[in-house]
Protein chains: 2
Amino acid sequence: MQGSRVMGSISEERNSLAEFRVGVDAVIFSIDTEQNRLLVLLVRRREEPFRGCWALPGTLVRRAESLEAAAYRILAEKIRVENLYLEQLYTFGGPERDPREAAEGYGVRYLSVSYFALVRFQDTQLLADGVEGIAWYPADQIPPLAFDHEEICRYARRRLCAKLEYSPIAFDILPSTFTLGEVYQLYGTVLGENFSDYSNFRARLLKLGILRDTGQKSTQGAGRPATLYCFDAAAFEKIRHKPMVFV
Amino acid sequence: MQGSRVMGSISEERNSLAEFRVGVDAVIFSIDTEQNRLLVLLVRRREEPFRGCWALPGTLVRRAESLEAAAYRILAEKIRVENLYLEQLYTFGGPERDPREAAEGYGVRYLSVSYFALVRFQDTQLLADGVEGIAWYPADQIPPLAFDHEEICRYARRRLCAKLEYSPIAFDILPSTFTLGEVYQLYGTVLGENFSDYSNFRARLLKLGILRDTGQKSTQGAGRPATLYCFDAAAFEKIRHKPMVFV
DNA sequence: TCAAAAGTGTTAGCAATACACCCATGT
DNA sequence: ACATGGGTGTATTGCTAACACTTTTGA
């Protein structure tokens with residue numbers, strides 16, 4: 001393949017190639033540590049196909065725009081947030097994943113490069129996108145979605161849980177200083193109540209040596225004031241190649 | 001965005017969208033347990049840009065062909081192999097990753113959905129693709145590559161090591177029955193000599209309970225005959241959700 | 001009988017779990 | 001003083017790393 005033919009057959013080959021529209025879809029998780037809920041942002045589609053159906057927020061990629069930039073743009077159009085974590089998830093691109101393909105005689109393929117994002121519900125402000133539907137749904141009560149978006153959601157959920165266990169993404173969305181209780185709540189919300197004893201979680205986390213005691217205390221309501229920690233990026237760099245467990 | 005405009009501005013918007021050519025590139029690793037080498041399959045480009053330069057084997061996606069099918073096609077065109085493992089790696093799609101974009105006025109974007117594959121060198125036959133260049137390169141002696149293929153290679157290598165540690169992909173490429181020594185060699189070749197003591201590796205692996213003793217023995221040259229095991233898919237299904245370590 | 005390869009056992013140290021318990025603060 | 005949340009300590013259990021050892025074969 002690939003250029004081993006004479007000129008005539010190249011255009012022949014080109015006709016058999018798929019033409020692509022490339023979209024980026026984002027699974028935006030928000031963690032509500034107060035109500036212990038993991039939420040996903042959904043929008044209601046305003047055009048065919050699947051008009052009126054819930055779907056993941058998405059967009060087509062513009063000229064000179066990177067895939068990641070498109071993903072950030074989706075976020076910026078829907079929500080206002082300080083800290084977030086974003087990473088590419090998977091590229092879904094089978095034929096027949098979009099009914100428009102059949103309508104257009106299979107000449108055009110719709111490819112979705114999906115991203116997953118993580119924010120904190122408390123730090124996030126939903127930008128009312130006109131009067132249309134946009135809402136946070138609990139991650140375990142997702143309604144039927146357009147296209148293969150339910151599959152994408154499930155995939156994102158699995159990745160989120162896995163990432164949280166061996167990678168410090170929690171500190172990307174926490175404020176610059178935080179208490180260990182806040183970290184614990186965040187993990188509990190995503191992984192489920194009984195993922196670990198608080199005392200053991202605490203010990204593991206501190207032993208990693210990537211949190212620095214700021215000396216400050218945080219007091220809210222009754223109870224002993226909690227120590228405020230901050231993420232020590234330099235210390236993390238030194239051990240980033242080693243396996244580590246936050247569970 | 002997304003259809004909230006009147007008709008006139010839709011075509012205006014369409015002009016600002018990128019048009020995409022979607023290719024699939026494959027990082028095909030082969031494990032040579034006899035010489036303890038991890039190899040990557042490279043091909044020499046026969047067309048501009050980067051003519052004559054080494055690159056990952058790749059292809060453009062055809063009509064009605066899934067991304068994965070395209071990846072399998074790349075493999076089938078280059079090698080003949082019994083057992084293999086294949087998974088999607090990452091989608092590289094920034095503008096300016098392909099010089100053709102600039103030449104064509106940034107109207108067209110070249111997007112690469114990359115896959116990584118794993119095969120065993122001993123089971124693999126290279127299909128001589130005409131007289132042109134195609135070769136196995138040791139994974140730590142990769143020559144300069146076209147496009148961003150070096151980055152893709154590095155990324156694939158990291159993923160391979162990670163996958164090997166917590167996922168049973170080794171058994172996808174081993175023959176249906178194998179000795180524990182063969183498994184150990186395979187891990188040693190990828191992860192480096194001193195990844196683990198043989199005795200401990202053995203104990204961990206057997207304790208997982210996903211290998212079944214076939215009762216048969218394998219004898220080759222001097223030395224005590226080795227027990228032949230097979231992968232117990234049913235047993236694995238029961239524990240696939242739990243974390244497991246093969247290191 | 002010796003080398004080669006397979007397979008078993010033993011130990012010290014470390015990490016995970018499941019608790020019980022002490023500390024500081026608001027009401 | 002007591003409820004509330006933060007923080008510490010500890011005993012048990014299991015796992016890991018390192019290494020010594022036995023078994024079965026071919027030459």
Side-chain angles (χ1 to χ4, degrees), chain A residues 33-36 122 164-166 174-175 177-189 191-230 239 242-247, chain B residues 33-36 122 164-166 174-175 177-189 191-230 239 242-247:
Chain A
T33 47
E34 278 166 26
Q35 294 202 53
N36 252 57
Q122 282 79 6
L164 212 55
E165 292 186 2
Y166 63 83
L174 285 165
T177 72
F178 47 82
T179 68
L180 294 179
E182 287 175 308
V183 185
Y184 183 67
Q185 281 199 350
L186 198 158
Y187 272 80
T189 301
L191 265 28
E193 275 313 293
N194 314 337
F195 76 98
S196 171
D197 180 85
Y198 174 63
S199 160
N200 298 325
F201 177 78
R202 213 188 127 74
R204 254 197 310 272
L205 203 49
L206 290 176
K207 187 151 44 70
L208 287 175
I210 58 175
L211 299 187
R212 211 178 43 240
D213 186 336
T214 62
Q216 296 167 284
K217 299 281 177 184
S218 152
T219 170
Q220 44 178 11
R224 173 173 174 174
T227 306
L228 281 167
Y229 289 87
C230 68
I239 60 161
K242 298 180 191 167
M244 60 189 103
V245 182
F246 296 86
V247 171
Chain B
T33 47
E34 277 166 27
Q35 294 202 53
N36 254 55
Q122 283 79 5
L164 212 56
E165 290 186 3
Y166 63 84
L174 284 165
T177 71
F178 46 83
T179 68
L180 293 180
E182 286 175 308
V183 185
Y184 182 68
Q185 281 200 348
L186 196 158
Y187 272 80
T189 301
L191 266 27
E193 275 312 293
N194 314 339
F195 75 98
S196 171
D197 180 84
Y198 174 64
S199 160
N200 298 325
F201 176 79
R202 211 188 130 74
R204 255 196 310 272
L205 202 51
L206 289 176
K207 188 151 44 68
L208 288 174
I210 59 176
L211 299 186
R212 213 179 41 241
D213 185 338
T214 62
Q216 295 167 284
K217 299 280 178 184
S218 152
T219 171
Q220 43 180 8
R224 174 172 171 173
T227 305
L228 281 167
Y229 289 87
C230 68
I239 60 160
K242 298 180 191 166
M244 61 190 103
V245 183
F246 296 85
V247 174

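Below, chains carry the letters A, B, ... as their sequence lines are ordered, and counting in each starts from 1. For the numbers below, each heavy atom of this structure counts, side chains included, while hydrogens, waters and symmetry mates do not.
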OG1-CG distance between B:Thr227 and B:Leu211, expressed to the nearest 0.5 angstrom: 11.5 Å
Donor-acceptor contact present, side-chain A:Thr214 to main-chain A:Leu228, <3.5 Å: yes
Euclidean distance, atom CZ of residue B:Arg202 to atom P of C:dG9 [Å, nearest integer]: 11 Å
5' to 3' contact window, DNA chain D with chain B (heavy-atom distance under 4.0 Å): D:dT16 to D:dG26
Heavy-atom closest contact (A:Leu208 atom, A:Met244 atom, distance): CD2-CB, 3.9 Å
Spacing between A:Phe195 atom CZ and C:dA16 atom C1', to the nearest angstrom: 14 Å
Check: B:Phe195 ring centroid to B:Tyr184 ring centroid under 6.0 Å: yes
Gap separating the CZ atom of A:Arg224 from the NZ atom of A:Lys217, nearest 0.5 angstrom: 6.5 Å
Euclidean distance, A:Thr33 OG1 relative to A:Gln122 CD, rounded to 0.5 Å: 4.0 Å
Residues forming a ring-ring contact (aromatic ring centres under 6.0 Å, His included) with A:Tyr229, sequence neighbours excluded: none
Side-chain donor or acceptor of A:Arg202 paired with backbone N/O of A:Leu180 under 3.5 Å: no
Any N/O donor-acceptor pair, A:Asn200 side-chain to C:dA18 base, under 3.5 Å: yes
Given DNA chain D, 5'-ward residue of the pair B:Val247 and A:Thr179, judged by closest heavy atom: A:Thr179
Protein-nucleotide distance (A:Tyr198, atom OH; C:dT17, atom P), rounded to Å: 17 Å
Sub-4.0 Å heavy-atom contacts from residues 204-227 of chain A onto DNA chain D, ordered by number: A:Gly223, A:Arg224, A:Pro225, A:Ala226, A:Thr227
